[in-house]
Visitor: 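Provided herewith is a single structure, encoded as structure tokens, for subsequent inquiry.
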Amino acid sequence: MRIRLAALVVAALVGLGGCKPHGAVRAPCPAGERCLEIGNVTEPVSLDPPKTSGVWEDRILGDMFMGLTQNGPDGLPRPGMAQSWDVTPDGLVWTFHLRPAVWSDGVPVTAGDFVFSLRRLMDPKTASQYGYLLYFIRNAEAVNAGRAPLSALGVEAVDARTLRVTLTHPVPYLPQVTMHQTFYPQPEHVVRKWGDAWSDPAHFVSNGAFVLKRWAFGDRVTVVKNPRYYDAGKVCIDQIDYYATGDAIAAERRVRRGELDINDDIQSNRVAFLRRPDQIPAYVHTHPYLGVEYLAFNTHDVPAFKDRRVRVALSMAIDRAFITGKLLRSGQVPAYGFAPPYTADYTPPPPPVWAAWPIERRQAAARALLAQAGYGPGHALRIELKHRDPPDSALMAPAIQADWKSVGVQTDLVQEDSQIAYQDFRLRDFQVADGSWIADFNDAMSFLGLQQSQTGAQNYGDYANPVYDALLAKADLEPDARARAAYLARAEQIMIADAPVAPIYFYVTKDLVNPRVTGWVDNAVDLHRSRYLCVKGAAGSAR
Amino acid sequence: MVRFLFRRLLVAIPTLLLVVTVAFFMMRAAPGNPFETSRKLPPAIEKNMMAKYGLDRPLGQQYLTYLADVARGDFGPSMKYQDKSVLQIVREGFPTSLTIGLSALILASALGMTLGVVAALRQNEPADYAVSAVAILGVCIPTFVTAPLLVLLFGLKLGWLPTGGLAGPESLILPVTVLALPQVAVISRLTRAGMIEVLRSNYIRTARAKGLPEHEIVFRHALRAAILPLVSYLGPACAGLITGSLVIEKIFNLPGLGKNFVVSALQRDYTVVMGVVILYATLIIALNLLADVVYALLDPRVRLA
């Protein structure tokens with residue numbers, strides 16, 4: 001018995017030892033082809049564009065579809081299906097001239113496909129979550145609510161290669177929106193034939209650089225080069241796998257082993273470590289991102305927050321440089337305004353004067369403001385900060401609690417699952433909320449619209465300032481980009497001075513990219529279309 | 001025997017109905033809905049989404065519709081993954097979970113029973129203590145600790161095995177091992193306890209007196225009776241293992257069913273949660289029944305009626 005057991009153990013060890021150290025276990029790549037393995041954070045909810053709303057879906061869809069405009073390597077818009085466009089002087093009617101191009105099944109892409117797709121997006125039966133983004137198209141809201149027929153939507157095909165879009169108000173940033181996933185065309189002839197099942201890999205047809213091959217749920221989505229793409233000659237990659245890599249640390253290991261070429265996320269507190277010379281500094285990419293982390297004060301239910309001095313004092317007392325520099329440490333930028341300074345076509349207003357003061361002076365001023373408002377040693381302010389559960393929020397909250405303690409404010413922390421927290425914020429079941437906002441499109445309006453009084457539930461602080469609303473409305477009607485930006489900046493300055501929210505920091509993109517991937521350009525929207533990427537080394541050497 | 005099976009299957013129906021009912025109303029009682037995101041949806045859009053999935057109707061009516069659909073074998077579409085039906089999601093995830101779970105179960109049974117028998121035969125000797133130590137460690141150290149440690153050693157330091165993903169049989173070695181370890185511990189303890197008890201019984205003494213060879217006594221007479229408690233344990237344990245493990249699937253990035261269970265509950269994907277609950281409940285019932293049958297086959301004293 002003892003001998004037999006010993007033999008078993010030896011055999012097991014020999015068996016394991018017999019596994020020779022091998023290279024990465026990459027997905028098989030056909031001989032002579034170049035394959036890319038991308039970690040894409042989470043599973044797409046759908047590959048039918050109007051049913052999606054996540055950036056992780058757009059990373060896949062944007063490789064397969066091309067809207068009227070498309071992201072360049074730098075993330076900025078450049079002509080896509082539209083070779084050129086004209087705008088009427090009032091900024092209300094846009095005419096797009098389409099390039100000759102075909103779907104991956106050889107059928108020409110027409111203006112009619114765009115009309116069909118936009119109507120499908122607004123059709124109440126499609127139940128698209130993101131349709132509201134295009135409510136600036138004439139009659140869009142009425143069509144989406146079922147109050148007007150689909151044909152009332154302000155889009156028409158003048159001829160097969162001319163598309164006319166009519167708006168309710170000028171939208172100078174329209175070329176930013178026409179590259180968004182809500183604007184991707186769907187093949188009318190295929191959707192009419194297969195209905196909702198058209199996005200099944202067996203029927204799928206696209207007009208971009210790649211086309212869907214397989215979707216193994218929970219594992220990966222595989223796309224292959226579309227030989228009928230109008231610019232196929234310039235596309236280097238033949239096949240891409242996108243993996244749902246929810247665990248950033250596990251994905252980091254797979255990138256290190258070469259199983260993945262790219263992962264679209266790094267855990268914040270790993271960035272500094274990975275940048276050490278003995279780690280993988282050349283893989284780590286960070287870049288300012290179009291998102292802001294902020295606190296909102298419940299001015300509706302908390303009497304103390306109805307006093308502007310209290311809100312300003314609390315905002316002033318937060319040591320943002322400590323949070324970004326010592327806690328998060330991956331290049332986040334302290335925020336004293338709401339729209340990031342790198343927002344397109346925008347010059348933010350100067351930050352409040354106290355932003356430049358040392359933290360001790362700020363906290364002294366904050367104590368003085370609180371005293372004026374009637375809060376001090378004898379009558380301490382006690383509040384509750386409700387925050388979401390991602391690691392970065394959980395790190396930040398105790399730091400803010402400590403900052404506020406040093407100005408004599410007692411803070412209780414309540415952590416909640418993100419989804420539940422957001423619901424509580426909307427229902428105003430909070431005192432201070434930690435909000436997060438990622439822009440839908442690269443324009444200041446995508447940020448500032450949040451504090452508009454008509455925004456309702458998502459204006460967590462219930463900010464209602466007629467001057468602010470009027471300036472944003474004026475900006476909405478202004479066709480001149482520069483004048484519009486000036487209105488927006490003035491509005492932001494007024495809002496920040498009123499402090500319904502306390503911005504904390506602007507986000508950064510965090511990507512792990514194997515240095516053998518070429519063509520990668522860090523950008524503010526964190527979109528890196530695979531048609532611009534290539535891999536070093538001979539084709540088929542990916543294993 | 002046939003009557004026994006028939007009766008048990010008949011009892012299974014109200015049990016399942018109870019599980020479905022409780023799960024249905026608990027799910028709906030949780031705050032939020034499948035369409036909640038960080039973005040507030042305009043009322044028109046929210047109305048469209050609710051109408052599409054029938055969530056705008058009274059809860060009682062939704063429940064009855066759901067029961068009727070399930071009775072017809074229609075588990076509905078996923079509310080989060082709009083391109084997939086619940087059946088598709090289960091069909092795509094189950095084979096991976098089944099492979100890993102069954103492999104872990106076989107590995108754990110083989111290893112655990114061997115260790116248990118060795119420990120029982122060498123009671124209070126060093127081999128016994130060694131097995132006890134391994135078992136206690138196996139039970140105490142959770143998988144989310146063993147998994148990263150094994151990955152660190154075999155995946156990163158030695159580079160023998162892949163750290164995650166599903167590419168070839170070698171990518172199954174680590175997840176199966178991690179999943180099997182705590183089971184090895186439990187199984188070896190159960191086997192040891194059973195063996196010790198049986199080895200002291202009169203019929204084993206008789207067998208020894210008759211001069212039967214030791215291996216025949218151990219494997220033919222003792223083990224058969226000793227593994228009875230194990231059989232009752234393995235039924236539900238098997239259901240748990242083959243429906244997937246969140247921890248294993250997350251750490252090794254495997255496309256199994258375990259992840260869906262937790263993720264869909266968090267995302268309020270009502271139909272997927274219900275589908276997985278029904279699958280899990282059915283498996284528990286079926287495997288418990290199987291355990292009872294095996295029990296009767298192993299132990300001549302048990303009569304199923």
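Chain naming here is simple, since letters A, B, ... match the order of the sequence lines and numbering starts at 1 in each.
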Visitor: Quick check: closest heavy atoms across A:T126 and B:K52, and the distance to 0.1 Å?
Guide: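 Smallest heavy-atom distance, with atoms named: O-NZ, 3.7 Å.
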
Visitor: Please state whether the side chain, the backbone, both or neither of A:I249 comes within less than 4.5 Å of a heavy atom of chain B.
Guide: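 Contact with chain B is absent: no heavy atom of A:I249 under 4.5 Å.
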
Visitor: Nearest 0.5 angstrom please: B:N253 CG to A:R253 CZ, how far?
Guide: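 One finds 9.5 Å between CG of B:N253 and CZ of A:R253.
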
Visitor: Just how far is it from atom NZ of B:K250 to atom OG1 of A:T245, taken to the nearest 0.5 Å?
Guide: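 That separation rounds to 10.5 Å.
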
Visitor: Could you tell me which portion of B:V151 (side chain, backbone, both or neither) has an atom closer than 4.5 angstrom to a non-hydrogen atom of chain A?
Guide: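 Contact with chain A is through the side chain of B:V151 alone.
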
Visitor: Of all the heavy-atom pairs spanning A:P44 and B:Y81, show the shortest one and how long it is.
Guide: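 The pair with the smallest heavy-atom distance is O-CD2, 3.3 Å.
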
Visitor: So for A:Y135, is it side chain, backbone, both, or neither that comes closer than 4.5 Å to the heavy atoms of chain B?
Guide: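 For A:Y135, side-chain heavy atoms alone lie under 4.5 Å from chain B.
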
Visitor: Highest number of heavy-atom pairs under 4.5 Å with chain A: which of B:K259, B:K84, B:E214?
Guide: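 Result: the option with the highest number of such pairs is B:K84.
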
Visitor: With respect to chain B, which residue among A:A250, A:A145, A:S128 yields the maximal number of heavy-atom pairs within a distance under 4.5 Å?
Guide: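 Of the candidates given, the most pairs with chain B belong to A:S128.
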
Visitor: Need one label for A:E43: side chain, backbone, both or neither, based on atoms under 4.5 Å from any heavy atom in chain B.
Guide: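 Both parts, heavy atoms under 4.5 Å.
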
Visitor: Which atoms form the tightest heavy-atom contact between B:D83 and A:S199, and what is the distance?
Guide: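 Looking at all heavy atoms of both residues, the shortest contact is OD2-OG, 3.3 Å.
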
Visitor: Given that the side chain runs from C-beta out, which part of A:R388 has a heavy atom under 4.5 Å from chain B: side chain, backbone, both or neither?
Guide: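 Neither part.
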
Visitor: So with a 6.0 Å cut-off around CZ of B:R220, is the heavy-atom count from everything else above 12?
Guide: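 No, because the 6.0 Å sphere around CZ of B:R220 holds 12 heavy atoms or fewer from other groups.
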
Visitor: Less than 4.5 Å to any heavy atom of chain B: does that hold for the side chain of A:A244, its backbone, both, or neither?
Guide: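 A:A244 touches chain B through backbone heavy atoms alone.
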
Visitor: Atom CZ of A:F217 and atom OG1 of B:T96: how far apart are they, to the nearest 0.5 Å?
Guide: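 Reported to 0.5 Å precision, the distance equals 12.0 Å.
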
Visitor: Of the non-hydrogen atoms in B:E92 and A:A216, which two are nearest, and what is the gap between them?
Guide: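 The answer is OE1-C, 3.7 Å.
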
